[in-house]
There are 2 protein chains.
Amino acid sequence: MTGRRGSGKPTIADVAALAGVSVAAVSKVVNGKGGISAPTRDRVLRAAARLRWTPSAAAVALRGARTRAVGLVVRRPPDLLSADPHFTRLITGVEAELSPAGHGLLLHLVGDDPAAEEAAYRRLADERRVDGFLLTESRVDDTRFALLRELGAHAVLVGTPWRDDPVPSARAGGDREAGVRAAVEHLLDLGHRRVAYVSGPEDRVHTHHRRRAFEEALAARGLAPARTLVSDFTAAGAVDAVRALLGADDRPTAVLLANDTMAVAALSAARRLGVDVPGELSVVGHDDLPLAELVYPTLTTVRQDLVNLGRAAARLLLVALGEADDAPVAVRPPELVVRESTAGVRRAAAAGSR
Amino acid sequence: MTGRRGSGKPTIADVAALAGVSVAAVSKVVNGKGGISAPTRDRVLRAAARLRWTPSAAAVALRGARTRAVGLVVRRPPDLLSADPHFTRLITGVEAELSPAGHGLLLHLVGDDPAAEEAAYRRLADERRVDGFLLTESRVDDTRFALLRELGAHAVLVGTPWRDDPVPSARAGGDREAGVRAAVEHLLDLGHRRVAYVSGPEDRVHTHHRRRAFEEALAARGLAPARTLVSDFTAAGAVDAVRALLGADDRPTAVLLANDTMAVAALSAARRLGVDVPGELSVVGHDDLPLAELVYPTLTTVRQDLVNLGRAAARLLLVALGEADDAPVAVRPPELVVRESTAGVRRAAAAGSR
DNA sequence: CTGAAAGCGCTAACAA
DNA sequence: TTGTTAGCGCTTTCAG
């Protein structure tokens, strides 16, 4: 008999009635506004709990123009996506920040289609479904910034912007290329002199940064890259790259690849060609996905603190929305994890190349 | 000067004004209701396009109690999650169905915490943020069904329910255990007689179905399992299982594992123990993730049509919500993909076991 | 065929 | 400290 029990979900009016106060009082209580006596507060809270009432997200959004949701649009070829747990880790971190803040994550996976990507952003923004966006995979001359500015949407970039792009970005702390540098030094210390690099696609910002770090680290020891190839993050691409590398006259004794998936593919490509890892070829990956410990030999790789990167980005977005304090989340700098896929140069391999 | 340009997003009133009609007319046009003349329709559409207007999701939701969003709550230990691209594929399929229908996907990743899981469902439902839920990983005596019934939320299960659970479910077509059966027959045809099975956690429904299929397929040829172990989907678990298997006196010559991640771990565990795959041990995985083609030897595995499973589930949910026609999405039955990790028994291995 | 008007559930002035 | 009330942007009767 209390209110309209049974007929659908309770509303703020039901709670007010049950507590014997006005709806305004209920609103103030749940929003932590002042000007409510303790006893009233109590009665409201009790009534709300009894009715299991929570403010309707739609009503709140309509009223205040805040949806308490953020959007994440991922543009990737489906196959690549499912091959790479990269995103799952990132999202884990994002969630860890968003959930306690009462914010939802609206996910959109669009294939490898720029038009679909733009449409997704537009729809989410025009329908006012989200308060802001998280952008992943910083791209060279990223067109998303202009789009989001046009749409008037808040945005935070995960990673390093290409130039001084006008959005806040979440990045690793410390020296962001420390991982790649450490990897190169590790290889050189093992005696390698012919080190190759297989990069990711040229339109990704980190491709350039990492490759440059690779080249500089070699240069610092007076060396040049044995070879630098551009791949596409796919396993097939990595296999081709490794074939090219190993088929050459002066083949490298070590190779760095831009992600773990490619590195694992390299491992098996080498094996298939009868090249022993790490006996004849050392292999280094990037990201330190669980996969890296799973394969044989286990993969030496550059660990990225993806979970905290996701957290940091989400936090920045909440701050931009005025929903969180400006307490940045620390993201550990990339760090080399040495496992079995790297070892010293064997005499034979080092000497006789062709 | 037209309407309130520049001052925030356009509303239906702006469109009505620009088109010289009432807001009701605009509403009817965008919702495809009848009773609008073609010329009026045209003017409205043109005005809406010019203003880039899309109905506010919040207002629509408030008005109609339909949010055009579905929830997906995933409860998994973070590590397991990022090791397994399973979900990414499923979500790809879900998106493919939801997106064209104009529905969003609200994703919540909760750790391995039942309380957090329940809280996530409650919040999404109580705040009326979603119209329904997609449930993944069918569990034995799944408590989510009761919860969602209490919450009055629509739900569709991805996979086979434990008993006749009262929610619609999306499943593979044809014989759902055809894959496991084909795997067993493949191994038997290769001459294997001692075949072991490493299952997933006991609380997953498919664990029981697949294990039973395994046992029945063996029984059909008058054989019994060499050994059946329960693991936990993790790589570490798989490594332990393989050690246990290979350390035994009468060790199996072939082993099936409940997912590809475990199978890949098994591959390297075997190698580490000096056991050749497939020379001394054949290994079969489950799911056919991209990973399966990436490793050496490439993995024989049971392919699941996860993308269409996701599509089918999303479609069922849309149908339940009255948002789509009842045209089921076909999900291919599981199918064995033979690659390099399985081969005939070598005399030596078959004979001398200890 | 078209328009006026009543809310959907909530928040924030403003009054009391 | 508390209550009253006017909308937020939209859909939907119900009249015209």
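Lettering follows sequence order; numbering is per chain, from 1.
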Rounded to whole angstroms, how far apart are [atom1] on [X] and [atom2] on [N]?
{"X": "B/R129", "N": "C/dC10", "atom1": "CZ", "atom2": "P", "answer": "13 Å"}
{"X": "B/D126", "N": "C/dC10", "atom1": "CG", "atom2": "P", "answer": "12 Å"}
{"X": "B/K9", "N": "D/dC8", "atom1": "NZ", "atom2": "P", "answer": "17 Å"}
{"X": "A/N31", "N": "C/dC10", "atom1": "CG", "atom2": "P", "answer": "11 Å"}
{"X": "B/I12", "N": "C/dC8", "atom1": "CD1", "atom2": "P", "answer": "18 Å"}
{"X": "B/R66", "N": "D/dT11", "atom1": "CZ", "atom2": "C1'", "answer": "10 Å"}
{"X": "A/I36", "N": "D/dT1", "atom1": "CD1", "atom2": "P", "answer": "8 Å"}
{"X": "B/E127", "N": "C/dG9", "atom1": "CD", "atom2": "P", "answer": "16 Å"}

* Under 4.0 Å between a side-chain N/O of A/T11 and OP1 or OP2 of C/dG9, yes or no? ->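 No, A/T11 has no side-chain N/O under 4.0 Å of OP1/OP2 on C/dG9.
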* Any idea which of D/dT2, C/dG9, D/dT11 is nearest the A/S37 side chain? ->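 Of the candidates, D/dT2 comes closest.
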* **Residue A/K33, side-chain atoms from C-beta onward, closest of D/dG9, C/dA12, C/dC10** =>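 So the side chain of A/K33 is nearest to C/dA12.
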* Does the pair B/S56 and A/E127 meet the rule for a side chain to side chain contact (heavy atoms under 4.5 Å, CB included), with working shown? -> CA-CA 5 Å; B/S56 145; A/E127 294 183 349; over 6 Å; no
* Asked: Around B/R41, counting heavy atoms of other residues, nucleotides and ligands shown, do more than 12 lie under 6.0 Å from its CZ?
  ->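 Atom CZ in B/R41 is not crowded, with 12 or fewer foreign heavy atoms closer than 6.0 Å.
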* Asked: Checking salt bridge (Lys or Arg N to Asp or Glu O under 4.0 Å) for the pair B/E137/B/R76: CA distance, chi angles, key distance, verdict?
  -> CA-CA 10 Å; B/E137 301 199 293; B/R76 272 218 162 183; 2.6 Å; yes
* Is A/D113 salt-bridged to A/R75, cutoff N-O under 4.0 Å? ->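 The answer is no: the pair does not qualify as a salt bridge.
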* **Ionic contact status for B/E150 with A/R52, cut-off 4.0 Å** =>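 Yes, A/R52 and B/E150 are salt-bridged.
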* Asked: What's the shortest heavy-atom distance between B/V94 and B/G310, and which atoms?
  ->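 Where B/V94 meets B/G310 most closely, the heavy atoms are CG2-O, 3.5 Å.
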* Donor-acceptor contact present, side-chain B/N31 to main-chain B/S27, <3.5 Å ->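 Answer holds: yes.
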* To do: Using a heavy-atom cut-off of under 4.0 Å over every strand shown, decide if B/S56 touches base, sugar-phosphate, or nothing.
  =>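 Touches sugar-phosphate only.
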What protein N or O atoms touch nucleotides 3-7 of chain D N or O atoms at under 3.5 angstrom, if any, and at what distances?
| residue | atom | partner | partner atom | Å |
| --- | --- | --- | --- | --- |
| D/dG3 | OP2 | A/S22 | N | 2.9 |
| D/dG3 | OP2 | A/S22 | OG | 3.3 |
| D/dG3 | O6 | A/K28 | NZ | 2.9 |
| D/dG7 | N2 | A/R63 | NH1 | 3.2 |

